[in-house]
K.L.:
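Input: one structure, supplied below.
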Amino acid sequence: MSIIEPRVLKGFRDFLPEQEILRSALIEKLTDAFKRCGFVPIDTPVLEYEEILLGKGGGETEKQVYRFTDHGGRAVAMRFDLTVPFARFMALHAHELYLPFKRYHIAKVWRGENTQRGRYREFMQCDFDMVGSDTAASDFEIVYTIYTALSNLAIPAFTINLNHRGIFNRFLASQGILDRSVEILRTVDKLEKIGRDATHEQLAELTNPALADKLLAFIELKGDNLTILSGMTQLAGGEADDTKRIRAILDLAQASGFEQSLRLNPSITRGLDYYTGVVFETFINAMPEIGSICSGGRYNDLASLYTKQHIPGVGASVGLDRLIAALEALEVKVPVSGYCQALILNLDDTLLTDYVCCAKSLRDAGIACEVYPETKKIQLQFTYAEKKAIPFAIIRGETEHEKNIWVLKNLDTRNSVDYTSLEALVQAFAQTNMQRNS
RNA sequence: GUGGAUGUAGCUCAGCGGUAGAGUCCCAGAAUGUGGAUCUGGUCGUCGCGGGUUCGAACCCCGUCAUCCACCCCA
């Protein structure tokens with residue numbers, strides 16, 4: 001009988017325990033941050049009707065979406081982000097909910113695009129949005145949640161880049177080139193990647209050399225955030241709601257003490273065309289080339305595809321897999337704990353009752369542990385513990401049984417401590433464990 | 001989707017037309033007798049997959065799959 005070659009699809013991955021433990025630890029920390037900021041969880045189906053996800057049809061996304069006909073002949077598609085399903089969700093359930101509504105949604109999404117490091121066909125997004133409020137307070141809440149969530153992950157220094165599409169569009173309008181805003185936005189977005197000269201060249205092609213100079217002057221404004229803001233205000237033709245909104249967000253960030261992580265950046269525009277107000281992109285300072293690890297913005301008409309009700313919203317999404325790829329590239333070790341804490345060595349068949357009782361006592365005390373299931377050579381049992389990153393071994397062989405002691409061995413330092421009773425062992429272990437976790 | 005690079009033992013890689021290699025890991029054994037040193041022996045490869053050229057291919061050619069890089073787009 002022939003064997004089927006085991007393999008996974010391009011851009012799809014298996015996760016071994018070491019990776020999955022890291023992923024779940026990061027998800028836990030993100031969830032914790034979202035909850036602290038007042039967001040509640042929801043979930044939606046992986047599959048939606050194709051028309052729901054594709055809407056009026058958007059060139060690029062349409063090419064990337066996984067689509068097929070189900071067994072009932074329905075045209076269906078796999079979600080490629082969590083925002084569009086959320087818009088459908090709001091249109092369907094607005095009457096059962098309340099506004100403003102703040103939700104987080106951590107789930108896999110699928111895009112059939114070409115792969116690269118940190119770019120996969122199946123990946124996890126961690127979305128958080130607030131809908132039903134178009135205020136500086138709600139914009140700020142998302143920025144603050146980005147800051148809280150990423151800070152909670154203890155990742156290297158990051159910068160949240162902030163911009164407002166309205167200001168840029170006013171500037172384009174004043175130059176009479178608002179009709180080409182989409183192309184100009186896409187080009188401007190590449191400034192930090194392709195450099196000043198190439199950007200100028202492309203902008204000149206879209207407009208003319210003189211306008212390209214002006215565009216570059218706008219997106220290359222330098223200085224602290226307030227200086228940049230005043231420069232943008234001037235070039236856009238004066239104060240308006242958009243500049244006031246940015247100023248309010250900057251003030252709130254300052255009051256909250258994280259203005260050093262927030263940068264007003266006129267070259268950040270976001271390719272997605274549904275953004276209507278503030279936009280954000282977040283980069284790890286030491287690894288900008290991996291791309292944005294958390295992006296989002298304000299979209300005031302998103303649910304309009306599915307309802308006549310006007311539901312403004314603002315939100316962002318952490319790209320967990322891209323973030324992990326960056327952490328790997330930077331060789332950042334994220335400490336994780338909470339998995340098996342102790343291996344009870346199996347040294348003597350006749351002592352199995354002792355081992356099982358020990359495991360029960362530890363488990364009752366909330367300590368994760370396991371009994372090695374075979375009386376194999378002790379070296380093998382140690383090797384097993386090491387591979388599984390189990391920090392402690394509990395040793396009780398013939399000698400220890402005669403002396404009626406339990407030995408707790410720290411597998412890292414290789415020091416052993418004797419205990420005269422199981423209770424003493426469990427108690428000591430619990431204390432050690434608390435110290436490790438604190 | 002377009003262009004380029006890569007794909008050899010579990011891992012890191014060498015070999016680049018003539019009988020598959022090294023280090024590491026793993027397994028068994030010696031000594032330790034609650035393991036990081038040392039010694040002895042050993043297992044493991046459809047050379048990504050399929051086809052072609054050749055007396056003969058891991059090595060050349062074509063296709064295909066996957067990974068990485070650039071473009072595109074984006075988390």
Side-chain angles (χ1 to χ4, degrees), chain A residues 2-14 16 30 58-65 79-83 106-128 146 150 182 185-187 189-190 193-194 198 202 268-273 275 279-284 289-297 315-326 329 343 345-348 372 376-387 390 392-400 405-418:
Chain A
S2 68
I3 288 174
I4 298 167
E5 188 187 350
R7 53 189 186 150
V8 295
L9 284 164
K10 175 187 177 76
F12 288 69
R13 299 161 297 160
D14 284 329
L16 299 180
L30 286 173
E60 281 304 324
T61 49
E62 192 162 350
K63 277 188 269 175
Q64 296 182 356
V65 175
R79 63 180 176 219
F80 59 90
D81 74 1
L82 300 176
T83 307
I106 300 175
K108 282 180 172 175
V109 301
W110 294 267
R111 291 182 197 173
E113 65 175 338
N114 246 346
T115 54
Q116 236 171 78
R117 181 175 56 175
R119 300 178 56 163
Y120 310 99
R121 291 189 166 178
E122 176 181 64
F123 59 97
M124 186 79 76
Q125 283 200 324
C126 312
D127 269 38
F128 47 102
I146 295 174
L150 295 181
V182 173
L185 286 172
R186 291 224 167 111
T187 308
D189 209 32
K190 288 188 275 187
K193 193 166 189 177
I194 66 175
Q202 292 188 15
I268 293 292
T269 63
R270 313 278 303 124
L272 295 176
D273 48 12
Y275 291 117
V279 290
F280 353 92
E281 290 196 352
T282 310
F283 297 92
I284 293 178
E289 64 271 21
I290 198 87
S292 172
I293 55 162
C294 180
S295 306
S317 179
V318 176
L320 190 69
D321 295 281
R322 181 175 283 188
L323 176 62
I324 290 170
L343 178 68
L345 300 193
N346 191 335
L347 303 171
D348 190 331
Y372 196 83
K376 277 199 180 171
K377 270 170 55 173
I378 197 160
Q379 287 93 335
L380 288 177
Q381 301 194 36
F382 280 131
T383 304
Y384 172 82
E386 192 174 317
K387 280 202 171 147
I390 300 174
F392 290 95
I394 290 165
I395 300 163
R396 186 168 163 95
E398 197 180 344
T399 325
E400 290 79 8
I405 58 169
W406 295 82
V407 179
L408 178 63
K409 175 159 178 164
N410 182 320
L411 294 177
D412 185 35
T413 64
R414 305 204 171 190
N415 294 326
S416 298
V417 181
D418 295 355

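Here is how names work: the chains are called A, B, and so on, in the same order as the sequence lines, proteins then strands, and each is numbered from 1.
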K.L.:
So that I can tick it off, tell me whether A/R121 and A/E113 are bridged by a salt bridge, with the cut-off set at under 4.0 angstrom between side-chain N and carboxylate O.
P.N.:
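No.
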K.L.:
Can you check the distance between B/C44 and B/G50, where both ends of the measurement are the C1' atom (answer in whole Å)?
P.N.:
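It works out to 25 Å between them.
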K.L.:
Could you tell me the Watson-Crick or G-U partner of B/G56, where both distances fall under 3.5 Å? Say none if there is no partner.
P.N.:
none
K.L.:
Should the pair A/R111 and A/F123 be classed as cation-pi, given the thresholds of under 6.0 Å to the six-membered ring centre and 45° from the axis?
P.N.:
no
K.L.:
Using the side-chain heavy atoms of A/R119, tell me which of these nucleotides is nearest: B/A66, B/C72, B/A75.
P.N.:
B/C72
K.L.:
Suppose we define a pair by two distances each less than 3.5 Å, Watson-Crick or G-U wobble; what does B/A37 pair with here?
P.N.:
none
K.L.:
Please give, in whole Å, the distance from B/G35 C1' to A/D412 CG?
P.N.:
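Computing the A/D412:CG to B/G35:C1' distance gives 14 Å.
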K.L.:
Nearest whole angstrom, please: distance from the C1' of B/C74 to the CH2 of A/W110.
P.N.:
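Spelled out: CH2 on A/W110 to C1' on B/C74 is 17 Å.
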K.L.:
What about A/R7: does its side chain form a donor-acceptor pair under 3.5 Å with the base of B/G48?
P.N.:
no
K.L.:
I need the CD-C1' distance between A/Q379 and B/A37, as an integer number of Å.
P.N.:
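Nearest whole value for this atom pair: 14 Å.
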K.L.:
Please confirm whether the shortest side-chain N or O distance from A/T115 to OP1 or OP2 of B/U67 is below 4.0 Å.
P.N.:
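Answer yes for this pair, as a side-chain N or O of A/T115 is under 4.0 Å from OP1 or OP2.
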K.L.:
Decide if the gap between the ring center of A/Y384 and the ring center of A/Y372 is smaller than 6.0 angstrom.
P.N.:
yes
K.L.:
Can you tell if the side chain of A/F283 reaches within under 4.5 Å of the side chain of A/S292, non-hydrogen atoms only?
P.N.:
yes
K.L.:
Once you apply a heavy-atom cut-off of 4.0 Å, does A/I378 come out as touching a base, just sugar-phosphate, or nothing?
P.N.:
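Sugar-phosphate only.
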K.L.:
Both distances under 3.5 Å, Watson-Crick or G-U wobble: report the partner of B/U2, or none.
P.N.:
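Looking at the geometry, B/U2 pairs with B/A70.
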K.L.:
State whether A/Q381 places a side-chain N or O below 4.0 Å from either non-bridging phosphate oxygen (OP1 or OP2) of B/G35.
P.N.:
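No, outside the criterion.
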K.L.:
Quick one: label A/R117 by what it contacts on the DNA or RNA (base, sugar-phosphate, nothing), any heavy atom closer than 4.0 Å.
P.N.:
sugar-phosphate
K.L.:
Could you measure between the two P atoms, the one in B/G10 and the one in B/U53, and give it in whole Å?
P.N.:
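Comparing P positions in B/G10 and B/U53 gives a spacing of 32 Å.
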